[in-house]
There are 2 protein chains.
Amino acid sequence: MDATPQNKVLSRLDESLLTHLPPFSRLDRQQIRAILDQATSRRYNAGVSIFDEGAPADRFFMLLDGYVRVVRITPTGEQVTALHIPAGQLLGMAKVLGRVTYPATAITATESIVLSWPMRLWDSFIQDYDGFATETYKTLGHRVGEMNTRIVELATQQVEQRVANAILRLISQTGRKVPGGIEIDFPITRQDLSELTATTLHTVSRLLSAWEKRGLVASKRKRITVTDPHALVVLSQG
Amino acid sequence: MDATPQNKVLSRLDESLLTHLPPFSRLDRQQIRAILDQATSRRYNAGVSIFDEGAPADRFFMLLDGYVRVVRITPTGEQVTALHIPAGQLLGMAKVLGRVTYPATAITATESIVLSWPMRLWDSFIQDYDGFATETYKTLGHRVGEMNTRIVELATQQVEQRVANAILRLISQTGRKVPGGIEIDFPITRQDLSELTATTLHTVSRLLSAWEKRGLVASKRKRITVTDPHALVVLSQG
DNA sequence: CGCTTTATTGACGGACCTCAATTTGGGTGG
DNA sequence: CCACCCAAATTGAGGTCCGTCAATAAAGCG
């Protein structure tokens, strides 16, 4: 954690940080102030867990800045990435699903800034804040849709298509324009990609090498830039 | 549909049909009567769709009797089964997810009896009926958990383990004791199983044949009986 | 008793995983 | 600033799981 005391950090949090975020967009300044006053703010380094699968779900979170991977760990220790969550979304909403423990582990992919509240405030947020419930359910619906898509992909597509789709999804969620293409704007290893697509880092490496030769992507260590998105889309369709 | 007029059928629906079902279990007779009076009852033959992916979500449903497969259809026409839903559960709850269309297609696996209500009643059900919301979210949470499990399975397990797991899940959800073992109590083809486990009917057939030789299962056309559940559990762990 | 749906089984090939050996790049400490 | 070290990435060889193609067989159903 930052050496700066939390309340200091908090007092600097401007209401405008939340006003444009969907779950809070219909609230007035005063309501948002109240929400911020109850929040704890924290900075996480890259690669650390925010909460762990199976742990008591005692807080819920809003990712203000950074990226988070939601992963499950198998009995044999393999990691499977279920979702990527970009800044501006809620996470750890176990209560929505009628759960008392977190269903998966959340790991920061970059340095991240996260607000959190005790789970006991959840019900009052839902009741008191107009639009909070609706937007929460929309987020949830979106994630269910994503999970569904993943299942269909895993069930029907070849590795090459899955990797192409994963990269396309990442640049659509978190892409950043750079000279020569669009870059995934957080560090991602071949290993990470392989956990996203249910394959091995070797296969991902081979695919990226082949694509690079054909001019579809350019990649450095932990960095991937798509230079020909259209061709990648074509590939992803099989 | 049955030739009997709907209201005739409805009038015969006893309150006791709903009282033991989680979403309604905290309600009194009068409330349940009101709910039933707004419901439409319908019988479906096996293998027909209750609602289709992408269609406007204008009704939500309660499966009173039978089994339903929730499937998605790929651009190339392949079917992927996302979930199996047993009697006593709600389905088509698009509104929970903030959606206006159904996210998947629901197909009856057996002859089924289904109640349904116009989606515009959803919000009032949530508000007026104690426990309805909670139980709905619990159901949803359970399904999200199942989807998660499927993703992990697809990502990490071999076909043999996936098929074993699928069968174990089916008998735990819908198993019926018969002389010599536990039977999946609705008709299920090799094709159905292959759509559940993301493989081909050929591979499923080979696996079942091998298991039958080893005395783990017994199967006839559209019928599968597990004769040695423990051994199947061992197999499913790899 | 034909006809359709469902299931079985064999042969073959290919996609992708496993094992293994290097290479590259970037950070760090002297 | 250079040498060192470790994480990340590359690439080859070989094997295997499982899908594809193909041909029958068995089971219901009218």
Side-chain angles (χ1 to χ4, degrees), chain A residues 45-47 74 76-80 109-111 153-167 184 186-214 217-225 235-236 238, chain B residues 45-48 74 76-80 109-111 153-167 184 186-214 216-225 235-236 238:
Chain A
N45 283 323
T74 69
T76 61
E78 297 161 283
Q79 290 195 0
V80 179
T110 61
E111 181 183 340
E153 278 185 16
L154 285 172
T156 63
Q157 299 185 338
Q158 315 243 98
V159 169
E160 182 168 45
Q161 298 166 46
R162 296 206 302 269
V163 175
N165 273 312
I167 292 177
I184 298 172
F186 61 87
I188 184 165
T189 65
R190 310 294 188 257
Q191 174 75 28
D192 293 335
L193 256 181
S194 74
E195 284 169 6
L196 252 178
T197 52
T199 179
T200 60
L201 74 160
H202 309 279
T203 300
V204 171
S205 176
R206 279 185 244 270
L207 286 172
L208 287 176
S209 296
W211 292 347
E212 187 141 17
K213 275 194 192 113
R214 292 167 53 190
V217 303
S219 71
K220 310 192 212 299
R221 161 178 272 238
K222 292 193 180 185
R223 291 275 152 203
I224 298 174
T225 306
L235 251 187
S236 74
Chain B
N45 284 322
V48 303
T74 68
T76 62
E78 297 160 283
Q79 289 195 0
V80 178
T110 61
E111 182 183 338
E153 279 186 16
L154 285 172
T156 62
Q157 299 185 336
Q158 315 243 96
V159 169
E160 181 167 46
Q161 298 166 45
R162 295 208 302 270
V163 175
N165 273 313
I167 291 177
I184 298 173
F186 61 87
I188 184 166
T189 65
R190 310 293 188 259
Q191 174 74 31
D192 293 335
L193 257 180
S194 74
E195 284 169 6
L196 253 177
T197 52
T199 178
T200 60
L201 73 160
H202 309 278
T203 299
V204 171
S205 178
R206 280 184 244 269
L207 286 172
L208 287 176
S209 296
W211 292 346
E212 187 140 18
K213 277 195 190 111
R214 292 167 53 189
L216 307 190
V217 303
S219 70
K220 308 192 215 301
R221 163 177 271 238
K222 292 194 180 184
R223 290 278 152 200
I224 298 174
T225 306
L235 251 188
S236 74

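Reminder, nothing fancy here: chain letters follow the sequence lines and each chain counts from 1.
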> Please determine whether a side-chain nitrogen or oxygen atom of B:R190 lies at a distance below 4.0 Å from atom OP1 or OP2 of C:dT6.
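So the side chain of B:R190 is outside the cut-off, no N or O lying under 4.0 Å from OP1 or OP2 of C:dT6.
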> Between P on D:dA27 and NZ on B:K220, what's the gap in Å once rounded to a whole number?
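So the two atoms are 10 Å apart, to the nearest Å.
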> Using a 4.0 Å heavy-atom cut-off across all strands, classify B:R221 as base, sugar-phosphate, or nothing.
base
> Give a yes or no on whether a donor-acceptor pair under 3.5 Å exists between the nucleobase atoms of C:dG10, that is its base, and the side chain of B:R206.
yes
> If you check the A:S209 side chain, which of D:dC21, C:dC16, D:dT11 turns out closest?
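Of D:dC21, C:dC16, D:dT11, D:dT11 is nearest to the side chain of A:S209.
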> Within less than 4.0 Å of OP1 or OP2 of D:dG19, is there a side-chain N or O belonging to B:T199?
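Looking at the OP1 and OP2 atoms of D:dG19, one of them is under 4.0 Å from a side-chain N or O of B:T199.
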> Does OP1 or OP2 of D:dC18 have a side-chain N or O of B:T203 closer than 4.0 Å?
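No, outside the criterion.
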> Would you mind reading off the distance between A:Q157 atom CD and D:dG19 atom P, rounded to a whole angstrom?
16 Å
> Mind calculating the distance between CD (B:E160) and P (D:dT16) to the nearest angstrom?
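Going from CD in B:E160 over to P in D:dT16 covers 16 Å.
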> Rounded to the nearest angstrom, tell me the gap between atom CG in B:L201 and atom P in D:dG19.
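Rounded to whole Å, this separation is 10 Å.
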> Taking the side chain of B:T200 as its heavy atoms from C-beta onward, which of D:dG19, C:dC19, C:dT5 lies nearest to it?
D:dG19
> For B:Q191 and C:dT8, what is the distance between atoms CD and C1' respectively, to the nearest whole Å?
15 Å
> Check this for me: does the side-chain of A:H202 come within 3.5 Å of the base of D:dT11 through a donor and an acceptor?
yes
> Going through the distances and angles, do A:Q191 and A:T189 end up as a side chain to side chain donor-acceptor pair (under 3.5 Å)?
CA-CA 5 Å; A:Q191 174 75 28; A:T189 65; over 6 Å; no
> Does B:K222 put a side-chain nitrogen or oxygen below 4.0 Å from OP1 or OP2 of C:dT6?
yes
> Once you round to the nearest 0.5 Å, how far does CG of B:L201 lie from CG of B:D192?
10.5 Å
> Round to the nearest Å and state the distance from B:L208 atom CG to C:dT6 atom P.
16 Å
> Rounded to the nearest 0.5 Å, what's the gap from CZ on A:R162 to OG1 on A:T199? Could you check?
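It is 6.5 Å, given to the nearest 0.5 Å.
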> B:S205 near the nucleic acid: base, sugar-phosphate alone, or nothing, with a heavy-atom cut-off under 4.0 Å?
base
> Need one value for A:Q158: base, sugar-phosphate or nothing, where a base atom within 4.0 Å counts as base even if backbone is also close, heavy atoms only.
sugar-phosphate
> Starting at atom CD of A:E195, determine the distance to atom P of C:dC17, rounded to an integer number of angstrom.
14 Å
> Whole angstrom is fine here: how far is it from CG in A:L193 over to P in C:dC16?
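The distance from CG of A:L193 to P of C:dC16 comes to 15 Å, rounded to the nearest Å.
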> Quick one: which of C:dT8, D:dT10, D:dC18 gets closest to the side chain of B:S219?
C:dT8
> Would you say A:V163 and A:W211 make side-chain contact, with heavy atoms under 4.5 Å?
yes
> Is any side-chain heavy atom of A:K222 closer than 4.5 Å to one of A:I188?
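A side-chain contact under 4.5 Å is absent here.
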